[in-house]
2 protein chains.
Amino acid sequence: MKAKSFADMACSIAGALEAIGDRWSLLIVRDLSIGLSRYDELQTSTGMPPTTLADRLRHLESTGLVEKRRYSQRPPRHEYVLTAEGRDLWVVTMALAQWGDRWDASGRGAPPVDFIDRGSGHPIRLACVDAQTGEPVAIDQVRLRPGRGADDLVRWRIAQGAKRP
Amino acid sequence: MKAKSFADMACSIAGALEAIGDRWSLLIVRDLSIGLSRYDELQTSTGMPPTTLADRLRHLESTGLVEKRRYSQRPPRHEYVLTAEGRDLWVVTMALAQWGDRWDASGRGAPPVDFIDRGSGHPIRLACVDAQTGEPVAIDQVRLRPGRGADDLVRWRIAQGAKRP
DNA sequence: CGCAATAACTACAATAATTGTAGTGAGTGA
DNA sequence: TCACTCACTACAATTATTGTAGTTATTGCG
């Protein structure tokens, strides 16, 4: 059957996953973030079948994460670039990369890619910080609270989860 | 055809996606992170079909993100809890939530869930920081470099991307 | 000019996966 | 005994995914 939509779920995570699409889409976003832009580059890099690639690019275009641009009239040549919204997914791919590095998800015993500060040359990581002060916050200090966009299910979920933290 | 595996891709992102499975799996991880643990809680919370839920739980168990525990002999009752590896995916779900909040992926005009510091009550966010000093780093300061686990394709990808940043 | 090559896909048939609905079994509480 | 909860499984219908092959448009080379 048709894949069920996550769009009407009152959840930012579900909405984000819906906008992205699937695993392949995230690999595309990864590559576009790095700087790849052409169809055949994406195919080479991801190894995905052409039908799936074309389909996912259409999806990412329809959800506004990717823009298809013609960079040559003759011959007709296209490139795919991330929109501001798509570029912002950088944090998501970096979170996945950081997790994958820590737990050796690549199976190579060492990170395939290092993220480093262009200036200092130091490695970079994602951290939980106080949005106002910028001070680091330990994850067990984080608490969930229904927000203005919450519905009954969200409230139930948080209440249910609070019983056994 | 059978979904192609991401396991042998020399990429931590691909490896992480393989370990997780698919969109539904991430919704499960979200719920387990919050504190839900029982099969029917997960079904209510996610709204996913039972066959898919059972399948995804088996997958998450097989990749070591989730542990199935019997918490009652009579009647036989089970609960699903995240392993250390699974709990660590917290950063990924938070990255998705943060992106979704920023771009209103939930379609509700406001975040369904607020992440706040238990102590100060301040909102919390993910930030890119220097792994050594903890200082904040702007995303356009981040550079990619092939790591010790890189292969030819990773090197090609980074080199290709560096041409047009 | 003729021919190979490149970019960017589409077509197609086989195979898998997903979905909704329904049903199962084990056990409890009334 | 009956209704109920929990934790799933069975099943058929429908869709999606995959690999291979082929297409269209154009350029560069000899």
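Just so you know, these numbers come straight off a predicted model, no measurement behind them.
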Residues B:Leu42, B:Leu57; criterion side chain to side chain contact (heavy atoms under 4.5 Å, CB included); working and verdict
CA-CA 10 Å; B:Leu42 295 171; B:Leu57 284 171; 4.1 Å; yes
Side chain to side chain contact (heavy atoms under 4.5 Å, CB included) between A:Tyr71 and A:Arg38: does it pass, once the steps are laid out?
CA-CA 10 Å; A:Tyr71 69 89; A:Arg38 295 210 312 270; 2.9 Å; yes
Working for side chain to side chain contact (heavy atoms under 4.5 Å, CB included), residues A:Ser33 and A:Leu82:
CA-CA 7 Å; A:Ser33 291; A:Leu82 291 173; 3.5 Å; yes
Can you check side chain to side chain contact (heavy atoms under 4.5 Å, CB included) on A:Met9 and B:Leu27, steps first, answer last?
CA-CA 11 Å; A:Met9 272 193 185; B:Leu27 248 41; 3.9 Å; yes
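Of the residues in residues 42-50 of chain B, those placing a heavy atom less than 4.0 Å from an atom of DNA chain C are B:Pro49, B:Pro50, in numerical order. At a non-hydrogen distance threshold of 4.0 Å, nothing from residues 8-23 of chain A comes into contact with DNA chain C.
Between the NZ atom of A:Lys68 and the P atom of C:dA8 there is a distance of 9 Å, rounded to whole Å. Atom OH in A:Tyr39 sits about 17 Å away from atom P in D:dT24, given to the nearest Å. Atom OH in A:Tyr80 sits roughly 8 Å away from atom P in C:dA8 (whole-Å rounding). Per the geometry, CD belonging to A:Glu41 stands 11 Å off C1' belonging to C:dA7, to the nearest Å. Rounded to whole angstrom, the span from the CD atom of B:Gln160 across to the P atom of C:dA7 amounts to 10 Å. Straight-line distance from the CG atom of B:Asp55 to the C1' atom of C:dA16: 12 Å, rounded to whole Å. What separates CD of B:Glu79 from C1' of D:dC8 is a distance of 17 Å, to the nearest Å. Distance, B:Leu53 CG to D:dC6 P: 14 Å, rounded to whole Å.
Of the residues listed (B:Arg77, B:Glu79, B:His78), the one engaging B:Ser72 in a side-chain contact (heavy atoms from CB on, under 4.5 Å) is B:Arg77, and it is the only one.
Enclosure of atom CZ in B:Arg148 is not indicated, since only 12 or fewer non-hydrogen atoms of other residues, nucleotides or ligands lie within 6.0 angstrom.
The cluster map of Ile, Leu, Val, Met, Phe, Trp and Tyr, joined by side-chain heavy atoms under 4.5 Å apart, puts A:Val92 and A:Leu36 in the same cluster. Hydrophobic clustering (ILVMFWY, side-chain heavy atoms < 4.5 Å, transitive): A:Leu53 and A:Leu65 are in one cluster. Linking Ile, Leu, Val, Met, Phe, Trp and Tyr whenever their side-chain heavy atoms come within less than 4.5 Å leaves A:Leu60 and A:Trp90 in two separate clusters.
For the 3.5 Å distance criterion, the side chains of B:Arg30 and B:Thr93 fail to qualify, holding no donor opposite an acceptor. Defined by atom type and a distance below 3.5 Å, a donor-acceptor pair is present between the side-chain atoms of A:Ser25 and A:Asp22.
Side chain of B:Thr51, nearest nucleotide from C:dA8, C:dT19, C:dT18: C:dT19.
The pair B:Glu85-A:Arg102 does not count as a salt bridge, with every side-chain nitrogen at least 4.0 angstrom from each carboxylate oxygen.
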Strictly under 3.5 Å: I want the nitrogen or oxygen pairs between protein and nucleotides 26-30 of chain D, one per line.
unit_1 : atom_1 : unit_2  : atom_2 : d
D:dT26 : OP1    : A:Arg74 : NH2    : 3.3

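Taking only side-chain nitrogens and oxygens, B:Arg58 comes nearer than 4.0 Å to OP1 or OP2 of D:dT9. Side-chain nitrogen and oxygen atoms of B:Trp24 include at least one within less than 4.0 Å of the OP1 or OP2 phosphate oxygen of C:dT19. Between B:Lys4 and C:dA17, a side-chain N or O to OP1/OP2 separation shorter than 4.0 Å is absent. Remark: B:Tyr71 is not in phosphate contact with D:dC6, judged by side-chain N or O atoms under 4.0 Å from OP1 or OP2. Checking the phosphate oxygens (OP1, OP2) of D:dT18, a side-chain nitrogen or oxygen of A:Thr52 falls inside 4.0 Å.
B:Arg56 comes within 4.0 angstrom of sugar-phosphate atoms only, judged by non-hydrogen atoms across all strands, and of no base.
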